[in-house]
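The structure under discussion appears below in the form of structure tokens.
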Amino acid sequence: MSQDCDKSQCANCQSDCAERKVNFMENANSQSHIKKVIAIMSGKGGVGKSSMTSCIAVALKQKGYAVGILDGDITGPSIPKAFGVKQKAVGNGNGMDTVETQTGIRMMSANLILDTEDTPVIWRGPVIGNAVKQFWTDVAWGDLDVLLIDMPPGTGDVPLTVFQSIPVDGVVIVTTPQDLVSLIVKKSYHMAEKMSIPVCGIIENMSYMVCDDCGKKLYPFGGSKLQKVADEMNIEVLAQLPIQPDIAELCDAGKIEQKDISFLNEAVEKLIQKINL
């Protein structure tokens with residue numbers, strides 16, 4: 001450790017000094033009883049990570065599981081909008097209560113505590129990281145089978161804070177079939193590996209589109225290289241999903257729970273087996 005090192009920032013530091021090798025895990029709120037925690041992450045933005053988080057939550061809920069979503073994208077929260085949730089979160093004397101969707105999915109997001117949904121979050125990294133931790137320590141999640149964490153894109157402060165502070169059982173990587181897929185997936189994979197978090201698999205979003213007239217698969221982003229990348233890292237491909245404009249439309253309208261989620265059934269079943277739910 002250098003002489004000018006600020007020990008108060010150890011949780012957000014990536015150096016390999018002895019001082020950093022301590023347990024930063026935080027206890028969940030006393031009113032939280034969560035069986036499994038899954039982080040949904042990507043190496044870059046714009047891949048549909050939040051919409052996939054929403055769809056996975058809906059699929060799990062439809063299978064009878066008690067599900068929660070922790071919106072870890074503090075500066076760009078979108079989960080409440082996808083579900084049409086506008087109610088504000090309130091305290092309960094021993095923390096803060098979640099807000100529930102129409103089907104009973106519990107959530108916590110920065111948008112649920114800000115004055116308006118378009119209020120900007122102008123915070124520095126450590127403050128954002130502490131906010132995510134408080135969504136774990138101060139929020140009463142109740143009894144959940146699965147808590148999904150919608151991570152911000154990249155491998156910076158917040159993903160590091162989540163992996164160091166919350167007992168994550170597994171990671172699902174979301175990507176798209178572009179030339180950068182190898183680099184993007186590997187960055188996410190290696191971060192999870194360094195933090196000793198198992199990668200449950202990869203979902204390739206917007207993998208192809210289906211012609212309305214002939215039913216032929218079209219590949220607007222080029223052929224997928226995902227399987228080759230997954231084989232190199234010994235990761236399972238959970239799904240390669242088509243472009244589905246109605247997902248964006250339903251998220252914008254706050255009606256994602258009305259989406260037919262059967263396209264995710266196989267991927268979700270694989271995920272359930274991976275985490276021994």
Side chains of [X] and [Y]: do they bring a donor and an acceptor to under 3.5 Å?
X      : Y      : value
Ser262 : Asp260 : yes
Thr103 : Glu257 : yes
Gln134 : Asn130 : no
Ser30  : Asn94  : yes

From [X] atom [atom1] to [Y] atom [atom2], the distance as rounded to the nearest 0.5 Å:
X      : Y      : atom1 : atom2 : answer
Met96  : Met108 : CE    : CE    : 5.5 Å
Asn29  : Asn92  : CG    : CG    : 7.0 Å
Ile256 : Ser50  : CD1   : OG    : 11.5 Å
Ile56  : Ile38  : CD1   : CD1   : 9.0 Å
Gln244 : Ser51  : CD    : OG    : 9.5 Å
Ile40  : Leu70  : CD1   : CG    : 12.0 Å

Quick one: does any side-chain atom of [X] pair with a main-chain N or O of [Y] as donor and acceptor, under 3.5 Å?
X      : Y      : result
Asp145 : Ala66  : yes
Lys36  : Ile275 : yes
Trp141 : Gly68  : no

Quick one: closest heavy-atom pair of [X] and [Y], and the distance?
X      : Y      : value
Ile74  : Ala110 : O-CB, 3.7 Å
Ser32  : Ala28  : CB-CB, 4.1 Å
Ala230 : Ile202 : CB-CD1, 4.3 Å
Gly72  : Pro152 : O-CD, 3.6 Å

Step through the shown structure and confirm whether more than 12 heavy atoms of other residues, nucleotides or ligands are within 6.0 Å of [atom1] on [X].
X      : atom1 : answer
Asn234 : CG    : no
Lys270 : NZ    : yes
Asn27  : CG    : no

Answer whether the closest heavy-atom distance between the side chains of [X] and [Y] falls below 4.5 Å.
X      : Y      : result
Lys186 : Glu232 : yes
Phe83  : Val99  : no
Val58  : Lys259 : no
Tyr189 : Val229 : no
Phe135 : Ile113 : yes
Leu241 : Met52  : yes

Exercise. Quick one: which residue pairs count as a salt bridge (charged side-chain N to carboxylate O under 4.0 Å, His left out) with a foot in residues 85-110, not counting sequence neighbours?
Key: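 Every salt bridge (charged side-chain N to carboxylate O under 4.0 Å, His left out) pair that includes a residue of residues 85-110, provided the two are not neighbours, is Glu100-Arg106.
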Quiz item: According to the salt bridge (charged side-chain N to carboxylate O under 4.0 Å, His left out) rule, which pairs have a member within residues 45-66, sequence neighbours left out?
Solution: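 As it turns out, the salt bridge (charged side-chain N to carboxylate O under 4.0 Å, His left out) pairs with a partner in residues 45-66, which skip direct neighbours, are Lys49-Asp150, Lys63-Glu269.
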Practice problem: Give me the one residue out of Ile149, Leu147, Thr137 that meets side-chain contact (heavy atoms from CB on, under 4.5 Å) with Ile166. | Solution: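 Per the side-chain contact (heavy atoms from CB on, under 4.5 Å) rule, the option paired with Ile166 is Ile149, out of Ile149, Leu147, Thr137.
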